Amino acid sequence: MIRPRSISGMRELLPAEQITFNHYRDIVRKHFELTGALPLRTSAFELREVIAAKEEVNNSNIEKQIYGVHRLAASNNETDFALRFDLTIPMARFVAQHASKLIFPFRRYQIQPVWRGERAQSGRYREFIQCDIDIIGDQTLNLINDAELPIIIDSIFKDMNIGPFQIRMSNRKLLGGLLLNTGIPASSIANALRLIDKIEKVGQDEIRKQFFQKYKLKDKQVDLIIAYTSLRGPADEVIDKLLTLVAQSHKTNETYMIGIKELTTVSKIVYSLGLTPNSFILDLSVARGLSYYTGTVYETTLTNHPTIGSICSGGRYDNLANLYSNRKLPGVGMSIGLTRLIIHLMDQGLLQQEKPNIAPVLIIVFNPSHLGRYLSIARTLRQAGIATEIATEHAKVSQQFKYADRKGFRLAIIAGEKEFISGIYQVKDMTTRSQILVNNAKLVETIRKILAY
RNA sequence: GCGGGUGUAGCUCAGGUGGUUAGAGCGCCAGAUUGUGGCUCUGGAGGUCGUGGGUUCAAACCCCAUCAUUCGCCCCA
């Protein structure tokens, strides 16, 4: 016998947990669709060359986290397929491939699993569900879209009612331009940005040391980088300080000034649409590790659960589709790590426990010789849209009630000899234990009323 | 891929420095209760002590290996 076990880092849920998970997934989908986003599904496999588009991958160490797939398990052939690592790359491939059939701006959402080859630990899985929303433009894409995403994310987390959260935004043009000014070569900017992204985790001293060692910067230059990346708070305050810093430093460049302008424009729109610094701030230490981001970048954390890490992040990528098409298709998107978020809160006991049950009604089988009648009642209720089960597996009525209780049915319908003769059934509320008599002709109507359908 | 912790019943764990037939709580099953669940009481099932080897008169306990799992690093949702 093979000991049944699942693979580490690939969390499977019990039905009650899955019901909870689906509830939150449905909230995400609802808000995505409220903004007009269209559903997209891509396959779990991609061609390896599509996923491992070279420059991007080599730059961010992603390659060793991609699962290769053999065409057939029995063959020793090269692994020319791979499991997708995220949903952004497959989406970029899809849009490039079908650009002539899509209507731009193309706004799509995608809620599917992705796979990453790493060691599992708390909040980190090898298989997890991402919820992506992206907007892709043809040739250009208005900055309004960069502002709209935090609004959508804000509405989702508010609707989920999972406590305070903070969406932090920055801009890679600003950070990249700043780094260029210090003399770091263009080819090293992506790595230097990844270093900045770690400030919060490893601390300023470590970052300082690394900038000295790796890029041979002078004290003044590192001071400047630290000063910039320490800026964090409400957008108007951060931008004020930013402009002061700009005035103090002598060097500027175009990229850098564009970055400031973008950051200003986007945050103004975000606040004008009703977000407050409670849930949305600027944080210039946010840089993101993935090198395809070219402008706006976002990172989101739950205020009361900093250890989970980021639960939603994304950014603007003006050139991602270039890997797959000559057409210029700039995009901006965000991705919610739903598995990380929900499973953590669930394990902490912070989400409402659902019953492992979908149907509200259970029909008690008092007398198995009347099974046909019970089936007929179930059919009537189901046709009326009321999910119904029949307790066929327990001989004793007491066992049937125990089953009803454990599984969490709202109502039990009780009918035996007496009831079939009179045509009046008993409907029992499992929570209050009270029973009412209902004429079988009014059964659907009464149950609908009780369940508030 | 690298480093640390942990593997005893379905689950959570107890088993001072090795010593006879390995325990508890919860859960599960049955009965008390043959037309009504949660509470209570009684009884019951369930263990190659992760696996393999070694030390010893004797190993759940000590040693080695291996596997699994978990936390951290890298990376990231």
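Computed over heavy atoms, backbone and side chain alike; hydrogens, waters and symmetry mates excluded. Quick caveat, the model's predicted, so the values are computed rather than measured. By convention in this document, chain letters (A, B, ...) are assigned in the order of the sequence lines, proteins followed by strands, and residues within each chain are numbered from 1.
Residues A/Asp146 and A/Arg316 are paired through a salt bridge, judged by an N-O separation under 4.0 Å between the basic side chain and the carboxylate. Note on A/Arg107 versus A/Glu148: salt bridge recorded, some NZ/NE/NH1/NH2 to OD/OE distance being below 4.0 Å. One finds no salt bridge joining A/Asp86 and A/Arg116 here, because no Lys/Arg side-chain nitrogen approaches an Asp/Glu carboxylate oxygen to under 4.0 Å.
Within 4.0 Å of A/Tyr403, counting heavy atoms only, lies no atom of the nucleic acid at all. The residue A/Arg126 sits apart from the nucleic acid: no heavy atom pair falls under 4.0 Å. Using a 4.0 Å heavy-atom criterion, one finds that A/Lys396 contacts the sugar-phosphate atoms exclusively. Residue contacts shown for A/Ile414 include a base, since a base heavy atom lies under 4.0 Å away. Among the heavy atoms of the strands lying under 4.0 Å from A/Lys198 are primed sugar atoms or P, OP1, OP2 only; no base atom is included. Residue contacts for A/Cys131: at a heavy-atom cut-off of 4.0 Å it reaches no nucleic acid atom on any strand shown. Here A/Gly123 lies in heavy-atom contact (under 4.0 Å) with a base.
Across B/G37, B/U36, B/C75, the shortest atom-to-atom separation from the side chain of A/Gln435 is found for B/U36. Out of B/U70, B/G37, B/A77, the shortest distance to the side chain of A/Arg119 is found at B/U70. Counting only heavy atoms from C-beta on, A/Arg340 has its side chain closest to B/C76 among B/C76, B/G35, B/C75. Among the nucleotides B/C76, B/G37, B/U36, the one closest to the side chain of A/Arg116 is B/C76. Nearest nucleotide to the A/Phe401 side chain, out of B/C28, B/A77, B/U36: B/U36.
Regarding A/His344, its NE2 atom lies at a distance of 16 Å from the P atom of B/U70, rounded to whole Å. The distance from atom CG of A/Asp134 to atom C1' of B/A77 is 14 Å, rounded to the nearest whole Å. Rounding to whole angstrom units, CZ of residue A/Arg194 and C1' of B/C73 are separated by 16 Å. A/Ile364 places its CD1 atom 11 Å from the C1' atom of B/G35, with the value rounded to the nearest Å. Between A/Glu417 atom CD and B/G35 atom C1' the separation is 11 Å, expressed in whole Å. The CG-P distance, from A/Leu83 to B/A77, rounds to 18 Å in whole Å. Rounded to an integer number of Å, the gap from CD of A/Gln210 to P of B/C73 is 15 Å. Rounded to whole angstrom, the span from the CD1 atom of A/Ile7 across to the P atom of B/U69 amounts to 9 Å.
Put simply, A/Phe128 rests on the base of B/A77: the two rings are less than 5.5 Å apart at their centres and nearly parallel, under 30°.
You won't find any donor-acceptor pair under 3.5 Å spanning the side chain of A/Arg124 and the base of B/C71, going by distance alone. For B/A77, its base sits under 3.5 Å from the side chain of A/Glu118 at one donor and acceptor pair at least. Residue A/Glu419 places a side-chain atom within donor-acceptor reach of the base of B/G35, judged by atom type and a 3.5 Å distance cut-off alone.
Of the side-chain N and O atoms in A/Ser398, none sit less than 4.0 angstrom from OP1 or OP2 of B/G37. At the phosphate of B/U70, OP1 or OP2 sits under 4.0 Å from a side-chain N or O atom of A/Ser8. Regarding contacts with the backbone of B/G72, a side-chain N or O of A/Gln121 is found under 4.0 angstrom from either OP1 or OP2. Note on A/Gln399: a side-chain N or O is less than 4.0 Å away from OP1 or OP2 of B/A30.
Annotation: cation-pi pair A/Arg29/A/Tyr109 absent, no NZ/CZ under 6.0 Å from the ring centroid and within 45° of its normal. A cation-pi arrangement is not found for A/Lys418 relative to A/Phe366, the charged atom failing to lie both closer than 6.0 Å to the ring centre and inside a 45° cone about the ring normal.
Separation of atoms CD1 (A/Ile450) and CD1 (A/Ile436) is listed at 4.0 Å; rounding is to 0.5 Å.
For B/A30, the paired nucleotide is B/U42, the pair qualifying as Watson-Crick or G-U wobble because both relevant distances are below 3.5 Å. With a 3.5 Å ceiling on both atom-pair distances, B/G35 lacks any Watson-Crick or G-U wobble partner. With a cut-off of 3.5 Å on both pairing distances, the Watson-Crick or G-U wobble partner of B/G25 is B/C11. Pairing for B/U6 is with B/A68, a Watson-Crick or G-U wobble pair whose two hydrogen-bonding atom distances lie under 3.5 Å. Checking B/G1 for Watson-Crick or G-U wobble geometry (two distances, each under 3.5 Å) identifies B/C73 as its partner.
Annotation: B/C49 and B/G7 have their C1' atoms spaced 10 Å apart (nearest Å). Rounded to whole Å, the C1' atom of B/C28 lies 42 Å from the corresponding atom of B/C73. B/C63 sits 13 Å from B/G18 when the C1' atoms are compared, rounded to a whole Å. Taking the P atom of each, B/G1 and B/C62 are spaced 29 Å apart, rounded to whole Å. Taking atom C1' in both B/G47 and B/C41, the straight-line distance is 28 Å, to the nearest Å. Nucleotides B/U51 and B/U69 place their C1' atoms 14 Å apart, quoted to the nearest Å. To the nearest whole angstrom, the two P atoms, one in B/G5 and one in B/U42, are 44 Å apart. Across the C1' atoms, B/A45 and B/C39 are found 24 Å apart, a figure rounded to whole Å.
No close placement of the A/Tyr67 and A/Phe85 rings is indicated, their centers lying 6.0 Å or farther apart. Separation of the A/Phe94 and A/Phe106 ring centroids does not fall under the 6.0 Å cut-off.
Checking A/Asp134 against A/Tyr317 by side-chain atom types alone, a donor-acceptor pair falls below 3.5 Å.
Of the two residues contacting RNA chain B, namely A/Arg406 and A/Ile311, the nearest-nucleotide position lying further toward the 5' end is that of A/Arg406. Closest-nucleotide positions on RNA chain B for A/Ala120 and A/Gly309 were compared, and the one nearer the 5' end corresponds to A/Ala120.
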